[in-house]
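What follows is a set of notes on a single structure, which appears directly below.
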Amino acid sequence: MLNILYFASLRETLGHSSEHLDLPPDVHDVGGLLNLLIARGGDWAKLSSVKNIRYAVNQEMARLDSPLKAGDEVAFFPPVTGG
Amino acid sequence: MLNILYFASLRETLGHSSEHLDLPPDVHDVGGLLNLLIARGGDWAKLSSVKNIRYAVNQEMARLDSPLKAGDEVAFFPPVTGG
Amino acid sequence: MPIRLQEADFDVGAELSVLRHGDARIGAIASFVGLVRDVSDGAGISEMTLEHYPGMTEKALVAIVAEAKTRWSIFDALVIHRFGRLLPTEQIVMVAVSAVHRGEAFAACEFIMDFLKTRAPFWKREVTPAGARWVDAREADQSAAERWLDE
Amino acid sequence: MPIRLQEADFDVGAELSVLRHGDARIGAIASFVGLVRDVSDGAGISEMTLEHYPGMTEKALVAIVAEAKTRWSIFDALVIHRFGRLLPTEQIVMVAVSAVHRGEAFAACEFIMDFLKTRAPFWKREVTPAGARWVDAREADQSAAERWLDE
């Protein structure tokens, strides 16, 4: 199982702040998960056109090829704008 | 007449914080005044060996060739160490 | 290395006193306070909401301060960042650094702010007369952070 | 452009509030506080006396702040410097700068400190176990001021 979090404008676009998802056997990294989400269609398809989307795995900045395993916390969000 | 001020270690070395002096006719600039002071001898002669002595005329940083005229306020002091 | 995320406002003077805590080795404290402006990208701002990623935000700030401590000889650093709803003139963030000399304190303080701006997961949502909008990341913030990587 | 020379201590938090004075154009305040350390050049310091040149010191600080305002887009700058007898952990100097963005605030604040250190007529006399001594100017302070001249 993955714990997936969505923040800020992505959260609003997708209409979800989090979800739990069983890690599909053919998803091995962040990029694979992102493609799975986009394939849901509807608002999820907008993920393919979001500029500069950022990812974190277990609260560390990650890349599309960062590996995933069951139990991971994965987050998707836009570039940060704090301070 | 010149109003001459001495600050910090120079004030202690010379034993004076200020003095009034009629501008001698052969003194035209800060360097000339400094030579006149050194020529007094005693503690005043130490002015010749003070490292990095600074001068101000009318409360603006000056140079040895900065001109002097009657009524000027002239100050001698070591490099500044505030802040 | 005190790092705090909070909805409540903070008292800069009191926080600086705690950072100093009568330590006579400290010769310099550099600090920064970020405030909500009433204009952003040409639009009037009536309020702002700051969202963050609980857990990751703290980790990111701890890592940024730790990196500053490896780069400069400093005693301590304080970071306070607010979240939730904020109005113009309110305080958003405070960073303060104590050191023997000012050069290290200034550099570490600015470094922490530059990296906080580009690496700590916070997001600003502004309310303008035309409605609410998420703030876009500034290119200038990215450049400010990248200049430290050349050193 | 508030510039103050005083024997009394100052309240950093209160001074920053005055500088902000609810101005919603301000997005950034960078500030610096200099403190008396109990060690200087390897010797213990029990107290310090700060001498200045009344009249010229104010003029020098006004000129330094004016120069900062020509170099950076800032709203205002505050400089408070104490004179007289000071003990370790006491505050010596405070500089604070308000601006729209942090880059300008940090640069102007550090510039003012660097020039204050090398151009404003203040002199420190320290009391050590071996007696009183006048503090020597630091080469690092000269270098810090000179780097702004290259820009």
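Sequence lines set the chain letters: A, B, ... in the order given, protein chains first and strands last, and positions in each chain run from 1.
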Determine the option with the most heavy-atom pairs under 4.5 angstrom with chain C, choosing from [options].
{"options": "D/Ala30, D/Ser17, D/Gly27, D/Pro88", "answer": "D/Gly27"}
{"options": "D/Ala105, D/Gly22, D/Gly34, D/Gly103", "answer": "D/Gly22"}
{"options": "D/Ile92, D/Leu35, D/Asp114, D/Asp38", "answer": "D/Leu35"}
{"options": "D/Val36, D/Val100, D/Leu87, D/Asp11", "answer": "D/Val100"}

Checking [X] against chain C: side chain, backbone, both or neither under 4.5 Å from a heavy atom?
{"X": "D/Val95", "result": "neither"}
{"X": "D/Ile29", "result": "both"}
{"X": "D/Asp23", "result": "backbone"}

Task: Gap separating the NE2 atom of C/His101 from the NZ atom of D/Lys117, nearest 0.5 angstrom - done: 8.0 Å

- [ ] To the nearest 0.5 angstrom, please state how far the OG atom of D/Ser31 sits from the CE atom of C/Met94.
- [x]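 Atom-to-atom, D/Ser31:OG and C/Met94:CE are 7.5 Å apart.
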
TODO: Under 4.5 Å heavy-atom distance to chain D, tell me which part of C/Leu16 shows up: side chain, backbone, both or neither.
DONE: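 For C/Leu16, side-chain heavy atoms alone lie under 4.5 Å from chain D.
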
TODO: Below 4.5 Å from any heavy atom of chain D, which atoms of C/Val97 appear? Answer side chain, backbone, both or neither.
DONE: neither

Open item on the list: Less than 6.0 angstrom separating the ring centers of C/Phe106 and D/Phe106, yes or no?
Closed with: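 Here the rings of D/Phe106 and C/Phe106 have centres that are no less than 6.0 Å from each other.
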
TODO: Sort out for me which of C/Glu15, C/Glu110, C/Glu90 touches chain D most, counting heavy-atom pairs under 4.5 Å.
DONE: C/Glu110

Task: residues 119-146 of chain C: residues contacting chain D (heavy atom under 4.5 Å, by number) - done: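 The residues closer than 4.5 Å to chain D, in numerical order, are C/Arg138, C/Asp141, C/Ala144.
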
Task: Side-chain heavy-atom pair D/Val39, C/Arg25 within 4.5 angstrom cut-off - done: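 The answer is no; the side chains never approach within 4.5 Å.
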
Task: Backbone N/O of C/Thr89 and side chain of D/Arg20: donor-acceptor pair under 3.5 Å - done: yes

